[in-house]
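Working notes for the structure below.
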Amino acid sequence: CSTADLGPISLNWFEELSSEAPP
Amino acid sequence: YSTEQTEIADLPACDSWNPGSLQLVSKFKNPSSSCSVDVSAMWWEGAGAKEPCIITACEDIVSLWKPLATLEWEKVQSWHFTEIPVLQIVPVPDVFNLICVALGNLEIREIRALLCSSGDESETQVLLKSGNIKAVLGLTKRRLVSSIGTFCNQQVQIMTFAEDGGSKDEQLLMPPDETILTFAEVQGMQDALLGTTTVNNIVIWNLKTGQLLKKVHIDDSYQASVCHRAYSEMGLLFVVLSHPCAKESQAFGSPMFQLLVINPKTAQSVGVLLCCLPQGQAGRFLEGDVKDHIAAAVLTSGTIAVWDLLLGHCTAVLPPVSDQNWSLVKWSSTDSHLLAGQKDGNIFIYRY
């Protein structure tokens, strides 16, 4: 399987999702 | 891969498991007359030293067993339950001398803490939660997460214990508006928590802020998946699921465990490994446990099977012993041992 199928990957996904999600 | 491709690629060969990789270390019998429902291992502190102990749970009694020098086990403490039967032990990491248990009939109605201070063997129970409890899990850093209620009337709460198991702090997480089935901690990320839901979503929370970060819809091939383990690597989430409700297929038998990779940023996921039974084995998943990269399951046939998720195949099969089917399997949290139990209270400890 290729990770390309999963879309762009971010090493800081947790911090980025936390800044985007409603408080 | 599609699910079908993964199944073909990972179907284990007949001779790929080694029954000798489980070696019996010790065994003991819980004399309770009620049905044995769970087993767990934990550290217990007494007389200034920490010991690896075994907790056994029958419907009406929970017992603490300490090791003797002769590879035997001695029951040192028991807690009795006369009103509501015990359903499961809920281990809480990083707390000594505290056991949590879930009580109920088909569903959890209460979570209780069982306490025993050093040198004092008096029985103490504290009611922590009551209600329509759907899921509960002990987390690192002395935390316990539980969800009460369903759909929009759901409360997801984190309880933090003091080091001695005493006073506690409580915090709410944003509910996902769909019923939570199971929780899983993300290894190495103490502020991240996953949940599986009844509509086949995996939800991700930030435990520090209580935020619901993402919902990831997973393959509808298997309903009511249970998440056993999760870790984050290179920006991806790897989760190990089991599928207790999966139907047996003629070609591949029942899928037992699945390793799924999720990109949390895009909510895209793909299955990378499907653990099925080796040829010649039959049965469906009854219950199981995953520690590091090793997964163990009790099958409806009464056999225990073990998979190495790195090798991608079954590595050991343990048939019923003394004509008694296995009903419980747990990895010890204190060493690399496998705890295997039978309904009549027999507990066998194997080295893997």
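The structure displayed is predicted, hence computed values, not measured ones. The analysis underlying the following values was restricted to heavy atoms, covering all of them including side chains, and did not include hydrogens, waters or symmetry mates.
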Next on the checklist: Under the salt bridge (Lys or Arg N to Asp or Glu O under 4.0 Å) test against Glu185(B), which residue among Arg229(B), Lys141(B), Arg143(B) passes?
Outcome noted: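 Filter result, single survivor: Arg143(B).
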Checklist entry - Most heavy-atom pairs under 4.5 angstrom with chain A, which of Ser269(B), Pro264(B), Ala192(B)? => result Pro264(B)
Check: [X] side chain, [Y] main-chain N or O, donor-acceptor pair, under 3.5 Å:
X: Asn263(B); Y: Leu6(A); answer: yes
X: Arg142(B); Y: Asp94(B); answer: no
X: Trp331(B); Y: Ala295(B); answer: no
X: Asp308(B); Y: Leu311(B); answer: yes

Next on the checklist: So Val216(B) and Leu237(B), do their side chains get closer than 4.5 Å, heavy atoms only?
Outcome noted: no
Checklist entry - Any side-chain heavy-atom pair from Thr182(B) and Leu137(B) closer than 4.5 angstrom? => result no
Checklist entry - Hey, which residues of residues 196-214 of chain B are touching chain A, say heavy atoms under 4.5 Å apart? => result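 Those residues of residues 196-214 of chain B which have a heavy atom under 4.5 Å from chain A are Ile204(B), Trp205(B), Asn206(B), Gln211(B), Leu212(B), Leu213(B), Lys214(B).
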Item to check | Within residues 169-181 of chain B, residues adjacent to chain A where the heavy-atom gap is under 4.5 Å | outcome: Met174(B)
How close do [X] and [Y] get, counting heavy atoms only, and between which atoms?
X: Gly138(B); Y: Pro93(B); answer: C-CD, 3.8 Å
X: Ser225(B); Y: Ile218(B); answer: OG-CD1, 4.3 Å
X: His228(B); Y: Phe285(B); answer: NE2-CZ, 4.2 Å

Item to check | Region of Ser232(B) that comes under 4.5 Å of a non-hydrogen atom in chain A | outcome: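 Only the side chain of Ser232(B) comes within 4.5 Å of chain A.
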